[in-house]
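This report refers to the structure that appears directly beneath it.
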Amino acid sequence: MKQYLQNIHPIIFLLVATTLEVTGDALIRKTIYEYSGTTRILFALLGMLLLFGYGFFLNLAPVEFGEVVGLYIATLFVVWQVINYLTFKTLPTIPVIVGGALVVAGGLIITFWKK
């Protein structure tokens with residue numbers, strides 16, 4: 001299985017992982033504030049499953065854990081904004097955009113700056 005995973009670009013794992021993480025978190029948030037009873041329990045379980053999937057996919061990436069963090073943080077910020085808009089219909093504010101640009105720049109520096 002390790003040989004098969006090595007043929008998949010790490011960005012695919014990061015995109016899947018960040019999408020699962022942010023979607024799972026958004027679902028848990030909606031579960032807490034918008035649902036009750038059996039619906040709350042079912043959506044909470046689904047959110048937990050998505051968050052487990054995030055950890056699983058992130059750790060399948062065929063790179064060292066410490067090397068993936070910069071690109072992961074940059075990807076997480078972008079995916080977070082997309083899911084935030086799709087789920088809560090909230091556009092990022094100017095401070096979020098400026099701060100996010102710094103997050104993405106920092107993530108790219110961590111990932112691609114050759115030592």
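- Note that CG of Leu46 is 9.0 Å distant from CG of Leu42, once rounded to the nearest 0.5 Å.
- Across every non-hydrogen atom of Ala74 and Gly107, the tightest pair is CB-CA, 4.3 Å.
- Taking CG of Leu14 as the start and OH of Tyr72 as the end, the distance is 8.0 Å to the nearest 0.5 Å.
- In summary, of the residues considered (Thr90, Leu91, Asp25, Val96), a side-chain contact (heavy atoms from CB on, under 4.5 Å) with Asn84 occurs for Thr90 alone.
- If you chain together hydrophobic residues whose side chains sit under 4.5 Å apart, Leu76 and Leu102 never meet in one group.
- Between atom CD of residue Glu34 and atom CG of residue Leu27 there is a gap of 10.0 Å, rounded to the nearest 0.5 Å.
- Using a 4.5 Å heavy-atom cutoff, the side chains of Phe88 and Arg29 are in contact.
- To the nearest 0.5 angstrom, Lys30 atom NZ is 6.5 Å from Thr87 atom OG1.
- Under a hydrophobic-cluster definition in which Ile, Leu, Val, Met, Phe, Trp and Tyr are linked whenever side-chain heavy atoms come within less than 4.5 Å, directly or via other members, Val78 and Leu58 are assigned to the same cluster.
- In terms of hydrophobic clustering, with Ile, Leu, Val, Met, Phe, Trp and Tyr side chains grouped at heavy-atom distances under 4.5 Å, Tyr33 and Leu51 are assigned to a common cluster.
- Atom CD1 of Ile73 sits about 10.5 Å away from atom CH2 of Trp80, to the nearest 0.5 Å.
- Taking 4.5 Å as the limit, some side-chain heavy atom of Ile11 sits within range of a side-chain heavy atom of Thr75.
- Dense packing is recorded around CZ of Phe13, with more than 12 heavy atoms of other residues, nucleotides or ligands lying under 6.0 Å away.
- Note on Phe56: it clusters hydrophobically with Leu71, by side-chain heavy-atom contacts below 4.5 Å among ILVMFWY residues.
- Shortest non-hydrogen contact noted between Tyr54 and Ala17 is CB-O, 3.5 Å.
- Put simply, CD1 on Ile12 and CG on Asn7 are 13.0 Å apart, with the number rounded to the nearest 0.5 Å.
- Ile97 and Tyr85 are assigned to two separate hydrophobic clusters, defined by single-linkage of ILVMFWY side chains at heavy-atom distances under 4.5 Å.
- Of all non-hydrogen atoms in Thr19 and Leu15, the two that sit nearest each other are OG1-O, 2.7 Å.
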